[in-house]
Amino acid sequence: MSFFRFFCACTLLVALAACGFSPLYSGSANHAINQELAHISITSIEDREGQVIHNFLLDRLNPNGRRADTRYTLKVAVSRNTEEIGLKFTEEATRAQLTLIARYFLTRDTDGKVLAEGSVRSVNNYNISNSEFARVASERDATERAAREVSDEIKTRLSLYFSRLGV
């Protein structure tokens with residue numbers, strides 16, 4: 001059985017090497033991509049969800065703090081939709097589905113050219129409790145989870161953009 005596992009592992013490694021696979025966050029490429037991400041300035045985003053996404057993006061794109069020399073500007077527009085999905089026999093909702101959609105545009109500061117754009121979506125569910133405090137806490141938690149997922153996906157897509165440029 002161990003020979004079979006060894007054979008499968010070797011085959012997988014050879015296949016990955018043959019297809020040109022290279023990890024996004026490895027070695028000097030990781031450092032260069034992080035340097036480019038640190039040059040991004042993020043415009044303010046409306047609403048509470050936008051503020052949370054803005055703060056997550058600041059942490060992800062430049063964990064060491066803001067840089068004085070920005071080369072790029074990231075604009076993000078957020079829309080939110082909440083839908084009640086779980087119903088009791090009394091037609092009272094017991095669960096809700098929160099959908100957060102963020103449309104982003106990365107522009108170069110020198111000429112205003114749009115370099116990367118896209119849309120990111122996160123769907124999270126939460127319980128609707130009879131207790132107002134529990135409902136608000138549950139909804140806030142779902143909003144924060146969605147904002148974290150959206151900001152992580154935006155960072156990944158921007159990292160892929162800079163990776164493709166050969167930064």
Side-chain angles (χ1 to χ4, degrees), residues 21-86 93-129 131-167:
F21 171 79
S22 64
L24 179 60
Y25 302 111
S26 69
S28 62
N30 180 26
H31 181 69
I33 290 170
N34 285 336
Q35 289 297 322
E36 285 301 309
L37 291 175
H39 289 289
I40 296 175
S41 167
I42 307 164
T43 61
S44 61
I45 308 170
E46 293 183 12
D47 297 328
R48 175 71 183 136
E49 296 86 10
Q51 292 172 358
V52 174
I53 290 172
H54 183 270
N55 291 337
F56 278 129
L57 282 170
L58 284 175
D59 290 342
R60 276 135 180 84
L61 297 181
N62 194 3
N64 298 327
R66 291 188 179 178
R67 293 182 72 105
D69 57 335
T70 60
R71 298 180 193 161
Y72 313 100
T73 300
L74 180 65
K75 296 178 183 172
V76 181
V78 178
S79 63
R80 171 196 173 123
N81 182 31
T82 304
E83 182 180 351
E84 296 177 347
I85 57 173
T94 59
R95 294 208 31 96
Q97 184 176 58
L98 169 79
T99 303
L100 205 59
I101 300 172
R103 181 107 176 109
Y104 67 93
F105 300 90
L106 180 69
T107 58
R108 187 171 33 221
D109 288 349
T110 55
D111 58 3
K113 179 182 177 189
V114 176
L115 303 174
E117 64 180 289
S119 182
V120 177
R121 180 179 139 190
S122 176
V123 178
N124 281 278
N125 296 321
Y126 63 93
N127 290 328
I128 299 175
S129 175
S131 163
E132 184 68 17
F133 176 77
R135 186 194 60 76
V136 168
S138 181
E139 183 177 359
R140 186 174 294 158
D141 181 56
T143 302
E144 189 168 317
R145 283 192 319 265
R148 184 179 299 114
E149 290 171 8
V150 163
S151 62
D152 286 343
E153 183 64 23
I154 290 173
K155 182 202 180 214
T156 300
R157 289 184 184 191
L158 294 176
S159 297
L160 286 171
Y161 168 75
F162 288 120
S163 173
R164 288 184 189 125
L165 288 180
V167 171

Worksheet item: With side chains defined as the heavy atoms from C-beta onward, is the minimum distance between E36 and Y72 less than 4.5 Å?
Response: yes
Discussion item. Show the nearest heavy-atom pair for residues A102 and V150, with the distance to one decimal.
Written reply: CB-CG1, 3.4 Å
Discussion item. Does E46 have more than 12 heavy atoms from other residues, nucleotides or ligands lying within 6.0 Å of its CD?
Written reply: no
Worksheet item: With a 4.5 Å heavy-atom cut-off, do I128 and T94 have their side chains touching?
Response: no
Worksheet item: Is there a donor-acceptor contact under 3.5 Å from the side chain of R103 to the main chain of E117?
Response: no
Worksheet item: Which distance, rounded to the nearest 0.5 Å, do you find between the CG of N62 and the OG1 of T70?
Response: 11.0 Å
Worksheet item: Does any non-hydrogen side-chain atom of Y126 lie less than 4.5 Å from one of D141?
Response: no
Worksheet, complete the sentence: Taking every heavy atom of R157 against every heavy atom of S119, the minimum-distance pair comes out as NH1-O, 2.9 Å
Worksheet item: Can you tell me how far NE2 of H39 sits from OG of S41, rounded to the nearest 0.5 angstrom?
Response: 12.5 Å
Fill in: Lys/Arg-Asp/Glu bridge criterion (N-O < 4.0 Å) met for D152, R148
no
Worksheet entry | Pair E153 + R121: basic N to acidic O under 4.0 Å | no
Practice prompt. Give the C-alpha distance, both sets of side-chain angles, the deciding distance and a yes or no for side chain to side chain contact (heavy atoms under 4.5 Å, CB included) between L37 and K155.
Written response: CA-CA 8 Å; L37 291 175; K155 182 202 180 214; 3.9 Å; yes
Worksheet, complete the sentence: To the nearest 0.5 Å, atom CG of L98 lies from atom CD of E83 at 11.0 Å
Practice prompt. May I ask you to decide whether R140 forms a salt bridge with E144, counting only side-chain N to carboxylate O separations under 4.0 Å?
Written response: no
Discussion item. Using every non-hydrogen atom in the two residues, find where T143 and L100 come nearest and quote the distance to one decimal.
Written reply: O-CD2, 4.4 Å
Practice prompt. Please tell me if the side chains of I53 and Y104 come closer than 4.5 Å, counting only heavy atoms from C-beta onward.
Written response: no
Discussion item. Please evaluate residues L74 and L158 with respect to the criterion side chain to side chain contact (heavy atoms under 4.5 Å, CB included), reporting the C-alpha separation (whole Å), side-chain torsions for both, the decisive distance (0.1 Å), and the verdict.
Written reply: CA-CA 10 Å; L74 180 65; L158 294 176; 4.2 Å; yes
Worksheet item: Any Lys/Arg nitrogen of E139 or R48 sitting under 4.0 Å from an Asp/Glu carboxylate oxygen of the other?
Response: no
Discussion item. Tell me the closest heavy-atom pair linking S163 and I33, and the distance in Å.
Written reply: CB-CD1, 3.8 Å
Worksheet, complete the sentence: side chain to side chain contact (heavy atoms under 4.5 Å, CB included) with H54: of D59, V76, I45, only one passes, and it is I45
Worksheet item: Cut-off 3.5 Å, side chains only: do N124 and S122 have a donor facing an acceptor?
Response: yes
Discussion item. Quick check: closest heavy atoms across L61 and I40, and the distance to 0.1 Å?
Written reply: CD1-CG2, 4.1 Å
Worksheet item: Could you state the interatomic distance from CG (L115) to OH (Y161), rounded to the nearest 0.5 Å?
Response: 4.0 Å
Worksheet item: Looking only at atom types and distance, does a side-chain atom of D47 sit under 3.5 Å from a main-chain N or O of E49, one as donor and one as acceptor?
Response: no
